[in-house]
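Reviewing the structure listed below.
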Amino acid sequence: MNSPASGSTESRSFDLLDERIRRWIWREGWTELRDAQERAVPALIDADRDVIIAAATAAGKTEAAFLPILSNLLRDGRCVGSVLYVSPLKALINDQWSRLEQLCESLDIPVTGWHGDVSAGRKQRFLKHSTGVLLITPESLEALFVNRGASLATIFSTLRYVVVDELHAFIGAERGMQLQSLMARVDHVCGRAVPRVGLSATLGDMQLAARFLRARAKQPVEIIESGSAGQELKVLIKGFVETGARLDFDLAPGERPALEDDVPGSTLEVASQIYRALRGSNNLIFPNSRRLVENYASLLRRACERDGYPNEFWPHHGSLSKELREETERALKAGDRPASAVCTTTLELGIDIGAVKSVAQIGPPPSVASLRQRLGRSGRRKGEAAILRCYCVEAELRDDSDLSDRLREGLVQSVAMVRLLLKRWFEPPRAGGLHPSTLVQQILSIIAERGGATAIDLWQTLVVDGPFDTIDKPTFAAILRSLGSRDLIVQEQGGLLLHGVAGERLVNHYAFYASFSSDDEFSVIAGNRHLGSLPVSHPLTPGQSIIFAGQRWRVEDVDAEKKSVFVHPDRGGAPPVFDGAGARVHDEVRREMHRVLAETEPVAFLDARAQMLLDEARRYFASSNLATQSIFVAGSSVMLATWSGDWLNDALVVLLRAQGLDAWNQGPAVSVRASGTGTVRDVLQRIATMTASETTAALQTIQNVDNEKWDWTLPDDVKRTAYASLRLDLAGAVAEARRLSMGMSA
DNA sequence: GACCTGCTGCGGACTG
């Protein structure tokens, strides 16, 4: 069938679908099944294998999975089976629920959304009749295991598929480990391997994704990869120099500059250019922090006010209340007048926000993968190009400017990332993390589910059948002892493990279900209105002014006990201070940066000022022999130009420090405090011959290794190994030390 | 000098 309307028999897949679903397709007026849908039907219809569907965002992945799955459910005449659909976002569950409900209503298949915002009544209804489609988050699924362990076998008795949406969002993350464990526990409860289906638009390595979906598979995972038509991309990178000058941006007559005291001139210049280029259409603007989102949203809103337009620029980030975020989403979706969002990664994936004309990136993107995801939001209409504008601010050079400024690091990183994007490369997920923190959560959860478990049971489910297969028996035993010493678990006479008093208390609180931790935040309240939450590290004081939700406020009162900040509108304001570490750059990006600097041809997508800045950086790169020289003296430091990613650089820093040198990661280079290169070369030679156990010993020097939610419960060495598995490339650092000490070029 | 995700059961008061 290329055309169901014509009754053509070209499509075997169409004929395989249940008659009621064929009628639905007919009614919808589809003229053909998309490529991914055509291929997914025979793979899924018999529920006899695992499948990955990788296709572009608009290629109809949900239907590709659900048309054959629902056909299977209808086989017995009426629906007696069930499907478990797991999604990383509540908003996505709500979107998918409306789409599926529209289809399933006519098929008499119940569709149940299940997450924290869904009423207990709806959940009860599913528990009574556990058939149809259950759309759920990993956290709510965890809660089912903890609270309804005894009825799980009944609930999942007719389960035919487990579908995981946005598969890429789970790989390499704590939530991914949790999800893999939950899928293994579903199989255990069902007493059989329930077929798994993974959906994603951004998978690079299909084999990695297949191993994530089912490790140690008896039969291979079937992979359906549907290439997207190459979409045209228009890119422009604009350069700016921070001179410290201030622009007369938006002052009303007689108004005293207020923001200008806090905002650099380049920010005003970037805001002013964005305003001119984007006002009048729908766009997404990505500064790299919530603080900058607030700054730009406030400036752009005031520019609209100044010119007498209704506001077109709306902030969107994770600290804003659900209501304020929905206001922004509604403005974007409405389509009756122009609206742009100034946002963080909250608008990078998931929810449908309608057509977006262009994407503006302020400062270097956090990663190529993220840039790719952001661009996927633009030019979705047929025949329209995706448009990307990057705004890069560089410092004015002085005699004491550092390497990063002289090499125009931010600009060069943006150029490198855009070039990698055009080559269709992006960072693979780092799947080697051990995540013993999540193992602790799963141990406590299984004890709750089964009303107690032996060490052997836990070992079998979590390590032999589950995702924690890099944990050996002595380590597993050490973790159990560590949990015992903290009263999280106790052992009965017969060997059965139960919760201790402390364990009982933690598992019985709803905060247990999430595998990841989050910081303490203060509620920001204006009058009766909850504006959102603010992660506060330095406590706020009454009288202080802040920018929040794109507007300026003065702090009236702070209630530390209730974690609330009471504010009222104000004219002045410094943006709220957010803490956190920087984005981590991949090896390949740093190598591409080296190539960008070593070449001499102009880069096609730079404006005149950006090209000038790049030329400057290239001249410095050439005159300092950076193409061939890896070790050199700069002031009171010795620079080691590794041109490697932050995992390798951080590991090299750990190894240098363990040898008594003061070192730190400076991006393209590692900097060591030393007067000459002699000592540094000697130490590099020593590091170059280190064995794995010697590098492991160096981990002892790291001060703070508590990274994930349950790390505080783990033995010290397990914690350090876990830290290294997530954040350090120790083997790479040893190899780099060898290269550096032999005087080879990058 | 970063970002994001998620969260139950139960008792008691109240309503129709």
Side-chain angles (χ1 to χ4, degrees), chain A residues 86-94 114-124 127 136-149 165-166 168-179 182 286-294 315-320 322 325 342-351 361-367 369-371 373-374 393 395 402 404-405 409-410 413 438 441 445 448-449 505-519 521 532-533 535 537 576-585 646 650 664-667 708-709:
Chain A
V86 186
S87 155
L89 299 175
K90 290 188 288 192
L92 203 57
I93 287 179
N94 297 343
W114 185 311
H115 56 64
D117 300 342
V118 173
S119 72
R122 285 177 174 274
K123 292 173 180 171
Q124 281 301 331
L127 292 175
I136 198 167
T137 60
E139 289 73 20
S140 285
L141 186 54
E142 187 76 61
L144 269 180
F145 272 92
V146 170
N147 299 315
R148 308 192 182 266
D165 205 353
E166 306 280 6
H168 64 275
F170 289 108
I171 304 176
E174 285 157 291
R175 280 179 107 190
M177 216 64 174
Q178 179 188 26
L179 175 61
L182 289 170
F286 291 98
N288 286 335
S289 66
R290 285 175 285 199
R291 173 193 162 93
L292 288 175
V293 163
E294 292 293 349
H316 196 281
H317 59 74
S319 295
L320 290 178
K322 198 178 157 197
R325 285 158 70 164
V342 190
C343 57
T344 59
T345 49
T346 42
L347 287 181
E348 206 171 275
L349 58 82
I351 46 182
Q361 170 69 45
I362 305 172
S367 67
S370 160
L371 182 61
Q373 197 80 40
R374 290 173 183 190
V393 179
D402 65 7
S404 166
D405 283 348
E409 188 184 351
Q413 189 179 318
T438 309
Q441 183 208 30
S445 174
E449 173 200 345
R505 185 168 41 82
L506 288 165
V507 176
N508 286 337
H509 191 273
Y510 62 81
F512 175 78
Y513 310 124
S515 60
F516 55 89
S517 62
S518 47
D519 308 327
E521 298 195 332
S533 59
S537 52
V577 176
F578 297 103
D579 275 350
R584 297 166 75 77
V585 175
D646 288 316
D650 284 350
W664 60 102
N665 177 3
Q666 292 213 313
E708 300 187 328
K709 189 172 179 179

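FYI, side chains are in, hydrogens and waters are out, and symmetry mates aren't considered; it's all heavy atoms of this structure.
Listed by chain and residue number, A:Glu348 satisfy the salt bridge (Lys or Arg N to Asp or Glu O under 4.0 Å) test with A:Arg374 (two or more places apart in sequence, or in another chain). Judged as a salt bridge (Lys or Arg N to Asp or Glu O under 4.0 Å), and not counting sequence neighbours, A:Lys123 has no contacts. Under the ring-ring contact (aromatic ring centres under 6.0 Å, His included) criterion, A:Phe512 pairs with A:Trp710, not counting sequence neighbours. Remark: A:Asp650 pairs with A:Arg584 by the salt bridge (Lys or Arg N to Asp or Glu O under 4.0 Å) rule, at least two apart or across chains.
Residues in residues 136-147 of chain A take part in these salt bridge (charged side-chain N to carboxylate O under 4.0 Å, His left out) pairs, two or more places apart or across chains: A:Glu139-A:Arg175, A:Glu142-A:Arg185.
Taking atom CD of A:Glu294 as the reference point, atom P of B:dC3 lies 11 Å away to the nearest angstrom. A:Arg290 places its CZ atom 10 Å from the P atom of B:dA2, with the value rounded to the nearest Å. Across the protein-nucleic acid pair, A:Gln413 atom CD and B:dG1 atom P stand 14 Å apart, rounded to whole Å.
For the residue pair A:Thr137 and A:His115, no side-chain donor N or O sits within less than 3.5 Å of a side-chain acceptor on the partner.
Side-chain nitrogen and oxygen atoms of A:Ser289 include none within less than 4.0 Å of the OP1 or OP2 phosphate oxygen of B:dA2.
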* To do: Let me have a per-nucleotide readout for nucleotides 5-16 of chain B, 5' to 3', with B, S or -, counting only protein heavy atoms under 4.0 Å.
  => BBBBS-------

